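What follows is a short report on a single structure.
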Amino acid sequence: MTQDQRRTRISRRRFLANGAALGAALSPAQVARAAVSGPEGAAAGMLPMPAMRDALPPRPSIEDPGRSLMDSGWRFHLGDIPMPEIRGHGWSYNSAKAGQAQGAAAMQYDDSDWPEVELPHDWAMAMPIEETANVSQGYRRRGFGWYRRALRLDPQDRGRYLEIQFGGIATNATIWFNGSVVAHNWSGYTSVYVDITDLARYGDDLNTIVVRVDAQSMEGWWYEGAGLYRHVWLVKRDATYIATDGIHADPRRGPGGAWTVPVTATLGNIGKRSAAVTIEATLIDPDGRMVATHTAAGTVPSLEPMDVALTLPVATPDYGRSTDRRSTRCGRG
């Protein structure tokens with residue numbers, strides 16, 4: 001046994017011994033006090049615990065009026081489509097330019113014979129069961145697949161921030177928008193947010209979304225599926241906006257027992273000039289009553305993200321109820 005192995009065994013033995021000593025030192029009454037809900041637990045020197053309940057709390061509603069579902073209108077091709085071999089200087093030059101994707105990723109590619117599918121879509125589930133296929137994948141083969149969709153944008157959307165959100169793609173994916181590569185994704189368990197503002201076309205000029213999925217790669221030893229297996233959303237926001245997943249709230253308990261909720265909003269601005277803004281954060285209890293509200297002002301530079309922070313005071317929270325429902329909005333000042 002090496003010295004490092006002996007040191008590891010000694011550290012583990014000491015850790016287990018300390019844990020056992022701590023468990024023996026706590027009396028049943030102390031353990032019971034640790035489970036007391038509400039201020040009584042805090043008064044006994046323990047962290048306050050929420051009251052026990054038999055059901056999950058209601059899920060807060062997601063308020064994002066600028067987000068619309070894009071699950072319909074997709075065309076799908078099972079199997080890979082090789083890119084054409086590029087020959088000659090002129091073709092090489094053009095293919096290297098933005099918007100000049102080749103093959104099935106090209107804007108003008110004819111996908112009229114591809115069947116339409118509705119998302120969420122898992123092509124592996126539709127594959128036949130084969131005895132020689134991977135048991136971990138349900139005896140179904142995965143392989144490659146392509147998705148294409150046309151998107152029409154209203155001319156009134158000019159000057160707005162535009163984003164496409166892919167909830168999940170199994171597994172490795174390349175995403176094109178109007179003939180330009182806009183994202184690569186290497187995991188089926190992460191969402192993908194694509195800013196399409198600079199590449200968008202409006203009115204009668206259709207936009208083209210293309211996704212090539214390589215589902216041969218596996219991340220686990222369970223059935224993972226293949227394709228656009230989550231929802232896809234189109235997001236339209238004002239030129240000055242709250243970034244996607246841009247709200248961070250971190251409840252904290254002070255030395256005196258009072259609680260505060262620091263809130264940070266990450267803002268963006270696609271306008272040509274800096275924008276003065278005011279954010280307002282409100283904490284609401286499960287019954288819809290306002291617990292606390294506060295505002296903060298800031299100036300968001302052009303084409304640069306900026307954080308605006310504020311703190312909500314919550315002097316006497318009800319430990320037996322959930323008070324984690326928050327709403328934040330951003331307005332230009």
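As the structure is a prediction and not an experimental result, all values here were calculated from the model.
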message: Can you tell whether the side chains of R75 and D113 come within less than 4.0 Å, N to carboxylate O?
response: no
query: Can any side-chain N or O of Q102 pair as donor or acceptor with the backbone N or O of Q100 at less than 3.5 Å?
result: yes
- request: Check whether any side-chain N or O of E130 sits under 3.5 Å from a backbone N or O of R141 as a donor-acceptor pair, and report yes or no.
  value: no
- request: Mind checking the CG-CG spacing from L151 to L162? Nearest 0.5 Å is all I need.
  value: 9.0 Å
Verdict with reasoning, V232 to W74, per side-chain contact (heavy atoms from CB on, under 4.5 Å): CA-CA 11 Å; V232 175; W74 291 88; 4.1 Å; yes
Minimum side-chain heavy-atom gap W233-L69 below 4.5 Å: yes
message: Starting from I164, can I reach Y241 by hopping between I/L/V/M/F/W/Y residues whose side chains sit under 4.5 Å apart?
response: no
query: Is it true that atom CZ of R148 has more than 12 heavy atoms of other residues, nucleotides or ligands lying nearer than 6.0 Å?
result: yes
query: Yes or no on side-chain contact (heavy atoms from CB on, under 4.5 Å) for W259 and V261, after CA distance, side-chain angles and deciding distance?
result: CA-CA 7 Å; W259 287 78; V261 182; 6.0 Å; no
ILVMFWY cluster, W123 and W146 together (side-chain gap under 4.5 Å): no
task: Can you measure from OH (Y223) to OG (S136) and round to the nearest 0.5 angstrom?
output: 12.5 Å
task: Mind checking the CG-CZ spacing from N172 to R212? Nearest 0.5 Å is all I need.
output: 9.5 Å
Cluster link V181 to V210, ILVMFWY, side chain under 4.5 Å: yes
task: For residues D250 and P262, report the shortest heavy-atom separation together with the two atoms involved.
output: O-CD, 2.9 Å
query: What do the steps show when you test L78 against M127 for side-chain contact (heavy atoms from CB on, under 4.5 Å), and what is the final call?
result: CA-CA 10 Å; L78 179 61; M127 297 295 285; 3.8 Å; yes
query: Same cluster for F177 and V194 if Ile/Leu/Val/Met/Phe/Trp/Tyr side chains link at under 4.5 Å?
result: yes
message: Closer than 3.5 angstrom, by distance alone: can the side chain of R142 be matched with the main-chain N or O of G225 as a donor-acceptor pair?
response: yes
message: Would the distance check show the side chain of T278 and the main-chain N or O of A297 forming a donor-acceptor pair, the cut-off being under 3.5 Å?
response: no
- line: The reported gap from CZ in F76 to CG in L119 (rounded to nearest 0.5 angstrom) is 11.0 Å
task: Measure the CZ-CD1 distance between R289 and I284 for me, rounded to the nearest 0.5 Å.
output: 11.5 Å
- prompt: Quick check: are there more than 12 heavy atoms from other residues, nucleotides or ligands sitting under 6.0 Å from CG of D198?
  reply: no
- prompt: Does F144 share a hydrophobic cluster with Y109, counting links as ILVMFWY side-chain heavy atoms below 4.5 Å and allowing steps through other members?
  reply: no
query: I247 versus V263: any side-chain heavy-atom pair under 4.5 Å?
result: yes
- prompt: Crowded around Q156 CD? As in, over 12 foreign heavy atoms under 6.0 Å?
  reply: no
query: What distance separates T266 OG1 from D307 CG, expressed to the nearest 0.5 Å?
result: 4.0 Å
- line: When every non-hydrogen atom of I129 is compared with those of G138, the smallest separation belongs to CG1-O, 4.3 Å
- prompt: So with a 6.0 Å cut-off around OH of Y202, is the heavy-atom count from everything else above 12?
  reply: yes
- request: Spell out, as yes or no, whether a donor-acceptor pair under 3.5 Å connects the side chain of R67 to the backbone of L234.
  value: no
query: Can a donor-acceptor pair be found between the side chains of E163 and T244 at a distance below 3.5 Å?
result: yes
field: G159 versus I270, closest heavy-atom pair with distance
entry: O-CD1, 3.6 Å
- request: Specify the closest pair of heavy atoms between L153 and A200, including all atoms of both residues, with the distance to one decimal.
  value: CD1-CB, 3.7 Å
task: Using a cut-off of 6.0 Å, state whether more than 12 heavy atoms not belonging to W221 lie near its atom CH2.
output: no
query: With side chains defined as the heavy atoms from C-beta onward, is the minimum distance between P120 and D71 less than 4.5 Å?
result: yes
task: Look at the aromatic rings of W186 and H184 and report parallel, tilted or perpendicular, splitting at 30° and 60°.
output: parallel
Side-chain H-bond candidate by donor/acceptor type, T208 with R201, under 3.5 Å: no
- prompt: Judged by atom type as modelled, is there a donor-acceptor pair below 3.5 Å linking the side chain of D238 to the main-chain atoms of T240?
  reply: no
CG/D204: more than 12 non-hydrogen atoms of other groups inside 6.0 Å: no
Polar side-chain atom of D214 near backbone of Q216 as donor-acceptor pair, under 3.5 Å: yes
- request: Examine distances only and state if a side-chain atom of N178 and a backbone atom of L199 form a donor-acceptor pair shorter than 3.5 Å.
  value: yes
field: Polar side-chain atom of R237 near backbone of Y161 as donor-acceptor pair, under 3.5 Å
entry: no
Smallest separation among heavy atoms of A275 and N269, with atom names: N-ND2, 3.7 Å
- prompt: Parallel under 30°, tilted from 30 to 60°, perpendicular over 60°: which one fits the rings of H121 and Y147?
  reply: perpendicular
field: side-chain contact (heavy atoms from CB on, under 4.5 Å) assessment of N185 paired with I175
entry: CA-CA 8 Å; N185 191 50; I175 302 172; 5.7 Å; no
task: Would you check if there is a donor-acceptor pair between the side chains of S191 and Q165 at a distance under 3.5 Å?
output: no
query: Under the 3.5 angstrom rule, does the side chain of E280 hit a backbone N or O of H294 as a donor-acceptor pair?
result: no
